Number of protein chains: 2
Amino acid sequence: MHANVKQNVIPITAPGLKVACSQCNLRELCLPFGLSEDDMSRLDDLIGGGRKLKRGQHLYRAGEAFESIFAVKAGFFKTDVLTEDGRDQVTGFQMAGEILGMDGISTEVHTCNAVALEDSEVCLIPFTELEMLSSQIRSLQHHLHKVMSREIVRDHGVMMLLGTMRAEERLAAFLLNLSQRFTARGYSPAEFHLRMTREEIGSYLGLKLETVSRAFSRFQDEGLISVQQKHIRILDIPRMKALLAPPDGRIG
Amino acid sequence: MHANVKQNVIPITAPGLKVACSQCNLRELCLPFGLSEDDMSRLDDLIGGGRKLKRGQHLYRAGEAFESIFAVKAGFFKTDVLTEDGRDQVTGFQMAGEILGMDGISTEVHTCNAVALEDSEVCLIPFTELEMLSSQIRSLQHHLHKVMSREIVRDHGVMMLLGTMRAEERLAAFLLNLSQRFTARGYSPAEFHLRMTREEIGSYLGLKLETVSRAFSRFQDEGLISVQQKHIRILDIPRMKALLAPPDGRIG
DNA sequence: AACTCGGGTTGACACAGATCAAAGGGGTAC
DNA sequence: GTACCCCTTTGATCTGTGTCAACCCGAGTT
């Protein structure tokens with residue numbers, strides 16, 4: 001019997017596939033940003049080999065001991081928290097060059113789950129060693145702080161979205177955010193493939209999957225986007241952006 | 001003419017009132033947690049004098065250059081973000097021992113506003129110097145990371161609240177959170193004074209002020225709490241906690 | 001003591017999004 | 001190739017919260 005993709009929890013490590021930060025085309029987005037060649041090779045030394053995950057596999061789970069943060073080398077992840085009463089909230093989607101696992105630093109235990117939404121690969125960054133090195137390399141230390149701060153700012157943006165926006169605004173903000181992040185990685189700003197289900201989008205946006213689906217349909221009817229299952233094409237980015245600034249405008 | 005409390009934006013600095021971390025009764029909650037006497041005095045050296053704020057005064061505003069983080073020494077703050085189209089989202093309430101301003105690290109510019117909700121005092125912690133010192137003191141470095149990580153985890157909790165809870169659950173979670181934080185500071189878990197308006201609570205919880213008010217009234221009718229304006233007494237903490245785990249229970 | 005004003009409460013009604021239900025479509029496993 | 005299952009779409013109805021409006025209360029002012 002073959003291991004089912006969704007149930008296979010055995011980590012697939014591939015130490016042979018390690019690629020140095022200095023060789024990585026994500027170095028401008030990722031943790032080594034701004035480091036000298038020399039410092040980058042010191043960072044290389046502490047980064048564990050890449051770890052590959054199949055779609056559906058957990059990178060880590062809430063409750064597991066925290067030891068490392070992870071840089072997404074390739075693929076796509078979601079993070080979610082769930083309460084004892086069964087509530088489930090997707091807290092973010094992470095793509096190449098983004099850092100996962102910083103929630104675990106505060107208590108030494110992961111507080112959310114990280115799941116690969118497609119076959120993916122991460123770099124493993126042992127946190128104690130990273131702290132050690134960052135105390136020696138100022139720019140690394142500062143960049144780490146920036147990465148953590150950026151996560152805080154991002155979360156505030158999601159709070160704004162969840163606290164003040166209506167369904168279509170939320171979805172527009174979500175699509176524009178994805179678009180912008182794909183652009184930063186050299187992909188098309190207008191055309192991309194969603195790796196997550198409507199339900200996962202809904203959980204992230206505080207909506208039910210039917211509402212997400214209806215909003216997609218409405219956008220399509222209005223000629224804003226074209227949707228074919230998970231394939232999205234944004235046809236009118238300016239009008240999409242205008243959705244975020246409601247008609248009543250800037251009222252003091 | 002006397003300066004109006006709400007309009008006075010001139011920082012009131014009181015260098016003479018500086019209290020060393022080692023003398024501060026918040027040291028177990030605040031940044032110096034876990035430091036040796038010796039290291040604590042080095043931290044003392046970089047912390048600027050306290051800054052006092054009147055109710056309504058801004059500690060910092062979105063758009064201002066970031067230079068320091070702040071530790072609340074006394075009083076009560078809110079942070080909020082607002083978009084160009086006038087939306088306003090309260091992202092948190094901070095009390096003694098909590099750290100403010102970490103949102104500014106990532107871009108060197110503050111991304112939210114911090115406002116004193118009562119007469120307050122903060123310690124000013126210049127961030128560049130803090131990074132310098134934390135590269136020398138391992139436990140300080142690690143604790144700083146923990147504080148930032150805790151902020152991320154807290155934000156995930158708010159996302160859960162905004163994304164999955166109904167109005168009364170949100171308010172219950174909010175009150176229990178306040179209760180727990182007051183307890184940690186040696187105050188009553190059951191009886192406290194709200195420093196924020198219904199509208200600010202509503203903004204934080206993603207609700208309108210009328211909904212907050214109705215939820216308070218309902219709780220009072222049910223004998224869960226007693227409310228007298230901003231004075232709150234939680235009469236039945238266990239039942240309050242039970243509100244967070246809906247009746248349908250743990251459904252897989 | 002009367003006035004004022006911001007914050008809070010309460011009621012009536014509207015509506016966005018949830019819920020319930022059913023059917024269609026595409027990918028994956030065999 | 002075919003079948004199954006999950007994901008998605010769409011419709012009908014329900015409901016929690018928002019909206020609008022009136023009134024109340026308490027603190028500070030005159």
Side-chain angles (χ1 to χ4, degrees), chain A residues 1-8 54-56 78 87-88 90 117-119 161-172 193-221 225-232 243 246-248 251, chain B residues 1-2 4-7 55-56 78 87-90 117-118 161-172 193-221 225-232 243 246 248 251:
Chain A
M1 187 198 286
H2 293 276
N4 180 298
V5 164
K6 293 212 170 184
Q7 294 177 341
N8 181 0
K54 288 283 183 191
R55 178 157 64 92
K78 72 167 177 181
R87 268 187 255 260
D88 184 10
V90 172
L117 294 181
E118 63 181 10
D119 294 0
L161 181 147
L162 291 171
T164 75
M165 294 187 184
R166 13 254 262 24
E168 294 192 2
E169 294 169 345
R170 294 183 198 192
L171 188 63
H193 188 83
L194 297 174
R195 273 72 171 186
M196 70 294 285
T197 66
R198 302 288 189 264
E199 185 168 19
E200 287 163 337
I201 296 172
S203 171
Y204 181 63
L205 299 179
L207 303 169
K208 292 296 164 184
L209 66 94
E210 295 94 329
T211 305
V212 173
S213 178
R214 278 185 241 272
F216 271 127
S217 300
R218 184 96 57 95
F219 283 171
Q220 179 155 251
D221 293 348
I225 62 175
S226 83
V227 192
Q228 232 167 342
Q229 298 291 118
K230 294 194 153 79
H231 186 84
I232 302 287
L243 273 185
D248 37 295
I251 294 173
Chain B
M1 186 196 290
H2 293 276
N4 181 296
V5 163
K6 292 215 171 181
Q7 294 177 343
R55 178 157 65 92
K78 72 166 178 183
R87 268 186 253 262
D88 185 10
Q89 172 75 30
V90 171
L117 294 181
E118 63 181 9
L161 181 147
L162 292 171
T164 74
M165 293 188 184
R166 24 239 309 337
E168 294 192 2
E169 294 169 345
R170 295 183 198 193
L171 188 63
H193 188 81
L194 297 175
R195 272 73 171 187
M196 71 294 285
T197 66
R198 302 287 189 261
E199 186 169 18
E200 287 162 337
I201 296 172
S203 171
Y204 181 63
L205 299 179
L207 303 169
K208 292 296 163 184
L209 66 93
E210 294 94 330
T211 305
V212 173
S213 178
R214 277 185 242 272
F216 270 126
S217 300
R218 184 97 56 96
F219 283 171
Q220 180 155 250
D221 293 348
I225 63 176
S226 83
V227 193
Q228 234 168 339
Q229 298 288 116
K230 292 193 153 81
H231 187 86
I232 302 289
L243 273 185
D248 37 296
I251 293 175

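Everything numeric in this text was worked out from a predicted model, so none of it was measured. Per chain, numbering begins at 1; letters A, B, ... match sequence-line order.
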Let me see the working for A:Glu200 and A:Lys78 under side chain to side chain contact (heavy atoms under 4.5 Å, CB included), right down to the final yes or no.
CA-CA 9 Å; A:Glu200 287 163 337; A:Lys78 72 167 177 181; 3.0 Å; yes

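- In this structure, CG of B:Leu162 is placed 13 Å from P of D:dT17, rounded to the nearest angstrom.
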Test side chain to side chain contact (heavy atoms under 4.5 Å, CB included) on B:Leu171 and B:Ile201 and set out the steps.
CA-CA 9 Å; B:Leu171 188 63; B:Ile201 296 172; 4.1 Å; yes

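- The distance between atom CD of A:Gln229 and atom C1' of C:dG27, rounded to the nearest whole Å, is 9 Å.
- In this entry the distance linking CZ of A:Arg166 with C1' of C:dA18 reads 16 Å, nearest Å.
- B:Phe216 and B:Arg198 get closest at one heavy-atom pair: CD1-NE, 3.5 Å.
- If you measure from atom CG of B:Leu171 to atom C1' of C:dT9, you get 15 Å, rounded to the nearest angstrom.
- Distance, A:His231 NE2 to C:dG26 P: 14 Å, rounded to whole Å.
- Neither OP1 nor OP2 of D:dG26 sits under 4.0 Å from any side-chain N or O of B:Lys230.
- Closest approach to the B:Ser213 side chain among C:dA18, D:dC7, C:dG8 is made by C:dG8 (side chain taken as heavy atoms from C-beta onward).
- An end-to-end axis angle of 50° holds for the helix from C:dA1-D:dT30 to C:dC30-D:dG1, taken from five base pairs per end and rounded to 10°.
- Between B:Arg87 and A:Glu169 there is a salt bridge, since a side-chain N of the basic residue sits under 4.0 Å from a carboxylate O of the acidic one.
- When the side-chain nitrogen and oxygen atoms of A:Thr197 are compared with OP1 and OP2 of D:dC7, none of them lie within a distance under 4.0 Å.
- D:dG26 atom C1' lies 17 Å from atom CG of B:Leu194, rounded to whole Å.
- Other residues, nucleotides and ligands contribute only 12 or fewer heavy atoms inside 6.0 Å of the CD atom of B:Glu199.
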Could you check B:Arg214 against B:Leu209 for side chain to side chain contact (heavy atoms under 4.5 Å, CB included), going step by step and ending with a plain yes or no?
CA-CA 9 Å; B:Arg214 277 185 242 272; B:Leu209 66 93; over 6 Å; no

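- Of the residues in residues 201-210 of chain B, those with a non-hydrogen atom less than 4.0 angstrom from any atom of DNA chain D are B:Gly206, B:Leu207, B:Lys208, B:Glu210.
- Of the possible polar contacts, none joining the B:Thr211 side chain to the B:Leu207 backbone as a donor-acceptor pair under 3.5 Å is found.
- Here the P atom of nucleotide C:dA18 and the CE atom of B:Met165 are 16 Å apart, to the nearest Å.
- Salt-bridge formation is detected for the pair A:Lys54/A:Asp119: a Lys NZ or Arg NE/NH1/NH2 atom is positioned less than 4.0 Å from an Asp or Glu carboxylate oxygen.
- For A:Arg198, no side-chain nitrogen or oxygen approaches OP1 or OP2 of D:dC7 to under 4.0 Å.
- To the nearest 0.5 angstrom, A:Leu162 atom CG is 5.5 Å from A:Arg170 atom CZ.
- Remark: A:Glu118 engages A:Arg195 in a salt bridge, criterion side-chain N to carboxylate O under 4.0 Å.
- B:Ser217 has a side-chain polar atom (N or O) that falls below the 4.0 Å cut-off from OP1 or OP2 of C:dT10.
- For the pair A:Glu118 CD and C:dG27 P, the computed distance is 15 Å after rounding to whole Å.
- With the nearest nucleotide of DNA chain C identified for both A:Ala167 and B:Gln228, B:Gln228 has the one nearer the 5' end.
- With hydrogens and angles left out, the side chain of A:Arg214 and the base of C:dT19 share a donor-acceptor pair within 3.5 Å.
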